[in-house]
Amino acid sequence: MEFHENLHDLAVKEGLKGRKLHKAVESFTWNITILKGQADLLKHARSEVQENLKQIHYSALTCNLSKGGAVGGSSGSTDSKSRRSLEAIPEKAMGEEELTDEEN
C-alpha cells in the first residue's frame, strides 16, 4: 500500500499525463483491490483446511488409525497386529482376483 501513496508522483515522473495518468492510477487501485480480496479468500481457505486436517487427525486418533499407536491404550503385540494404519491398501493384481474367485 506504500507504493499506492507514491503512485501518482511516480506516474508523473515517468511522463504520464491526463487520461493516461488517471487510467494508470485507476487500474492499479482496481488490481490492488482484487488482489487483496484474493488474499483474504486464500487466508480463509487455509484456516478451513487446517481445521479439517485437525478433525481428520483427531478422528484417526479416536479410531486408532494413527501410526503413533492407540490413544491411552496398551501397546501389546496383538494390538499392533489388529491396528490399521493410514497407509494405502495395496491393490490386488487382476490375475490374483481371478484365481481367488475360481478357487471358491
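Just so it is clear, the structure is predicted and the values come from calculations on it, not from any experiment. In what follows, every heavy atom counts, from backbone to side chain, and hydrogens, waters and symmetry copies are set aside.
Taking both residues in full, the closest heavy atoms of V12 and L21 are given as CG2-CD2, 3.9 Å, listed atom of the first, atom of the second, then distance. Annotation for L7 and A24: closest pair CD2-O, 4.4 Å, computed over non-hydrogen atoms.
Grouping Ile, Leu, Val, Met, Phe, Trp and Tyr residues whose side-chain heavy atoms lie under 4.5 Å apart, directly or via other members, places L53 in a hydrophobic cluster with V49.
A search for side-chain hydrogen bond (donor to acceptor under 3.5 Å, both in side chains) contacts involving H57 returns nothing, not counting sequence neighbours. I56 meets the side chain to side chain contact (heavy atoms under 4.5 Å, CB included) test with no other residue; sequence neighbours excluded. For Q50, there are no side-chain hydrogen bond (donor to acceptor under 3.5 Å, both in side chains) partners at least two apart in sequence or on another chain.
The NZ atom of K54 sits 13.0 Å away from atom OG of S59, with the distance rounded to the nearest 0.5 Å.
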- request: Begin from the C-alpha positions of L61 and Y58 and carry the test side-chain contact (heavy atoms from CB on, under 4.5 Å) through to its verdict.
  value: CA-CA 5 Å; L61 290 175; Y58 291 137; 4.2 Å; yes
Pairs under 3.5 angstrom only: tabulate donor-acceptor contacts from the side chains of residues 34-42 to other protein residues two or more places apart or in another chain.
none

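Judged as a salt bridge (Lys or Arg N to Asp or Glu O under 4.0 Å), not a single pair has a partner in residues 7-35 (not counting sequence neighbours).
At least one donor-acceptor pair closer than 3.5 Å links the side chain of S47 to the backbone N or O of H44.
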